[in-house]
Each structure stands twice: as C-alpha cells, then as structure tokens.
Amino acid sequence: MHALFGTKHLILIALSFLAAALLFLLTRKWKFSTVCKNMFYLGIVSEFIKVVYYITANEETYGGVLPKSDLPFHLCSIQILFFAVINFTSNEKIKRVLYSFMLPSCLFGGIAAILIATDSSRNGLWILTLQYFAYHAALIVFSLHLFTSKELRLNVKDYFNCLKFLVAVFFFAVYINGMLYDGTRELNFMYVVSPPQPGLPYLNEDKGWLVYMIRYAVLVVVCVTLCYLKPIWKAIKEKKAARS
C-alpha cells in the first residue's frame with residue numbers, strides 16, 4: 001500500500017504540478033473557447049476510464065453496477081457537467097455564474113485532490129492513477145486560464161455569485177448524500193459528511209460534525225476570497241474614489 005505523502009504520492013504530486021505548469025505555458029495563447037472544449041473532451045475520457053474501472057473492480061460485489069460512492073457528485077467530478085453547459089449553452093449569464101464558481105473550485109479543488117489523493121488513486125491500476133492526477137492537474141490549468149483570460153475579466157459581482165452558488169452546492173451535496181445513503185459511510189460527496197481523510201490537523205471531527213462544517217465553510221470562503229482579491233480591492237478603491 002502506498003501511503004498518503006509516501007514516496008509514490010510525493011512523486012505524483014511533483015509530476016502533477018509540473019505537468020500543470022507546462023500545460024498552461026503550452027496552451028496560454030489558446031482561445032478560451034478552445035480550452036473549454038478540450039476540458040469537456042478530457043472530462044468525458046476521464047469519466048469513462050473511472051466508470052469502467054470501478055465497475056470492473058467491484059464486479060463481484062455489484063455486478064455491472066457503478067458503486068454509489070463513485071457517482072460524479074464530488075466537487076471535481078461535477079465540473080464535467082459544468083464544462084458541458086458552458087460548451088453547449090449560448091446564455092452568457094449562466095456561463096458567467098459557472099465561471100465564477102469554477103475559478104476557485106477548479107483551482108483549490110484540483111490542488112486539494114492531488115495533495116489529499118484517494119486510496120484508490122494511489123494504489124489502483126496505473127490507468128486510474130493517470131486518470132486521477134492528470135484530470136486534477138488539468139482542472140488547475142483551466143483555473144489558470146480563467147485567471148488570465150482577457151475575455152472574462154471577473155469582477156466583484158462574480159465573487160458574490162460564487163458565494164451564492166456555494167450555498168446551493170452545499171444543500172445539493174447534503175441532499176444527494178442523504179438520498180443515496182445506504183447505511184454505510186462510504187458516501188461523502190463534496191466532503192459534507194466527514195473529512196476527506198482521517199487525522200487531518202484542521203478538517204477533522206474532533207469536536208463534532210457542526211464544528212467541522214464551520215471550519216470547512218471558513219476554509220472555502222478564504223480560498224474563494226483569495227481568488228478574487230484583485231477585483232475586491234479594485235471595487236473598494238472605486239467606492240472610496242466615488243465618496244471623495
């Protein structure tokens with residue numbers, strides 16, 4: 001078994017971040033629409049590999065049924081649905097709301113997934129390891145394109161749209177975990193049931209679920225705010241200038 005932050009995992013972390021940096025440099029002159037299309041195609045390939053792997057890995061237990069715990073309702077998996085929407089809808093308002101949420105969720109979600117990698121991604125077949133780390137590295141690349149895109153220019157309104165979207169995502173995660181719960185603690189979509197890994201220094205249930213969720217919410221808001229520091233600061237300066 002390859003442990004979290006063991007030798008294999010540390011090598012995969014280094015390779016993932018290196019690949020993300022190189023891929024961003026190679027694609028930084030692409031049109032943003034081209035980036036979105038390629039992320040959609042990559043998401044389909046990634047999900048296909050994951051579905052086939054987990055069905056075959058659990059065939060003796062579930063037959064040809066995908067285990068509920070592997071449905072695409074985690075923060076990073078659900079991005080595939082968002083990629084589909086932004087590629088096929090012509091509604092710019094919907095796209096804008098999704099972009100506002102995808103900026104921090106792809107960046108910090110991708111980084112967190114690589115750093116706190118699942119047991120199956122570290123110890124499964126090489127194809128699953130490749131799928132897992134390549135997909136999350138690609139999410140980081142996409143978020144960097146969102147940061148640097150001259151087509152979007154995200155502003156402070158997008159920051160508040162993101163926070164609103166997060167509230168909706170929280171209730172979605174709570175409800176989907178409740179609907180699919182079958183008496184085991186394997187279901188933990190978006191980690192609203194329990195921490196992503198036991199023994200974490202900050203995200204833990206040492207003081208109960210409610211304290212864990214408050215800490216989780218604070219961490220999420222901090223991460224989102226960090227992504228929007230520039231437009232927040234710009235809005236503050238403009239407000240001060242208007243008063244003077």
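Here the structure is a predicted model, which means the values were calculated and not measured. The figures that follow rest on heavy atoms only: side chains count, while hydrogens, waters and symmetry mates do not.
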Please check: side-chain N/O of [X] versus main-chain N/O of [Y], any donor-acceptor pairing under 3.5 Å?
X: Lys50; Y: Gln131; answer: no
X: Arg122; Y: His2; answer: yes
X: Thr118; Y: Ser121; answer: yes
X: Asn204; Y: Pro201; answer: yes
X: Gln79; Y: Leu75; answer: yes
X: Tyr212; Y: Ser194; answer: yes
X: Arg96; Y: Asn91; answer: no
X: Asp158; Y: Ser100; answer: no
X: His136; Y: Cys76; answer: no
X: Thr225; Y: Val221; answer: yes

Please confirm whether [X] and [Y] have ring centers closer than 6.0 angstrom.
X: Phe24; Y: His145; answer: yes
X: Phe172; Y: Phe189; answer: no
X: Tyr159; Y: Tyr228; answer: yes

Just how far is it from atom [atom1] of [X] to atom [atom2] of [Y], taken to the nearest 0.5 Å?
X: Leu71; Y: Ile176; atom1: CG; atom2: CD1; value: 8.0 Å
X: Asp70; Y: Asn58; atom1: CG; atom2: CG; value: 6.5 Å
X: Ser105; Y: Leu166; atom1: OG; atom2: CG; value: 8.0 Å
X: Leu154; Y: Met102; atom1: CG; atom2: CE; value: 11.5 Å
X: Phe101; Y: Cys227; atom1: CZ; atom2: SG; value: 11.5 Å
X: Phe32; Y: Thr148; atom1: CZ; atom2: OG1; value: 9.0 Å

Over all atoms of both residues, closest heavy-atom pair of [X] and [Y]:
X: Val141; Y: Ala20; value: CG2-O, 3.3 Å
X: Ser16; Y: Leu12; value: OG-O, 2.7 Å
X: Ile140; Y: Ile114; value: CD1-CD1, 3.9 Å
X: Trp30; Y: Thr34; value: CE3-CG2, 3.9 Å
X: Asn188; Y: Val192; value: OD1-N, 3.6 Å
X: Ser33; Y: Asn87; value: O-OD1, 4.4 Å

Do the side chains of [Y] and [X] get nearer than 4.5 Å, heavy atoms only?
X: Phe142; Y: Asn38; value: no
X: Asn161; Y: Lys157; value: yes
X: Leu115; Y: Ile13; value: yes
X: Thr129; Y: Tyr132; value: no
X: Phe133; Y: His9; value: yes
X: Met190; Y: Val174; value: no
X: Tyr181; Y: Lys68; value: no
X: Tyr135; Y: Ile80; value: yes

Does one hydrophobic cluster hold both [X] and [Y], with members joined at side-chain heavy-atom distances below 4.5 Å?
X: Met39; Y: Tyr41; result: yes
X: Phe5; Y: Leu15; result: no
X: Leu23; Y: Leu130; result: yes
X: Val156; Y: Val222; result: yes
X: Ile111; Y: Ile11; result: no

Query raised in the report: With respect to Lys234, which candidate in Lys237, Lys230, Glu238 satisfies the side-chain contact (heavy atoms from CB on, under 4.5 Å) definition?
Result: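 Between Lys234 and the candidates, side-chain contact (heavy atoms from CB on, under 4.5 Å) is satisfied uniquely by Glu238.
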Query raised in the report: Which word best sums up how the rings of Phe165 and Phe82 line up, parallel for under 30°, tilted for 30 to 60°, or perpendicular for over 60°?
Result: perpendicular
Are more than 12 heavy atoms, taken from residues, nucleotides or ligands other than [X], located less than 6.0 Å from that residue's [atom1] atom?
X: Lys164; atom1: NZ; value: no
X: Lys37; atom1: NZ; value: no
X: Tyr202; atom1: OH; value: yes
X: Phe48; atom1: CZ; value: no

Requested in this report: List the steps, then state whether side chain to side chain contact (heavy atoms under 4.5 Å, CB included) holds for Ile55 with Val65.
Outcome: CA-CA 6 Å; Ile55 288 177; Val65 177; over 6 Å; no
Requested in this report: Please step through side chain to side chain contact (heavy atoms under 4.5 Å, CB included) for the pair Leu200 and Gln197, ending with a clear verdict.
Outcome: CA-CA 6 Å; Leu200 294 177; Gln197 294 282 351; 4.2 Å; yes
Query raised in the report: Is there a side chain to side chain contact (heavy atoms under 4.5 Å, CB included) between Arg28 and Leu144 once you walk through the steps?
Result: CA-CA 9 Å; Arg28 63 179 179 173; Leu144 294 177; over 6 Å; no
Requested in this report: Go through the steps to decide whether Ser120 and Tyr54 satisfy the test side chain to side chain donor-acceptor pair (under 3.5 Å), and finish with yes or no.
Outcome: CA-CA 10 Å; Ser120 57; Tyr54 283 117; 2.6 Å; yes
Requested in this report: With side chain to side chain contact (heavy atoms under 4.5 Å, CB included) as the test, would you mind laying out the steps for Leu187 and Val193 before giving the verdict?
Outcome: CA-CA 8 Å; Leu187 292 181; Val193 175; 5.8 Å; no
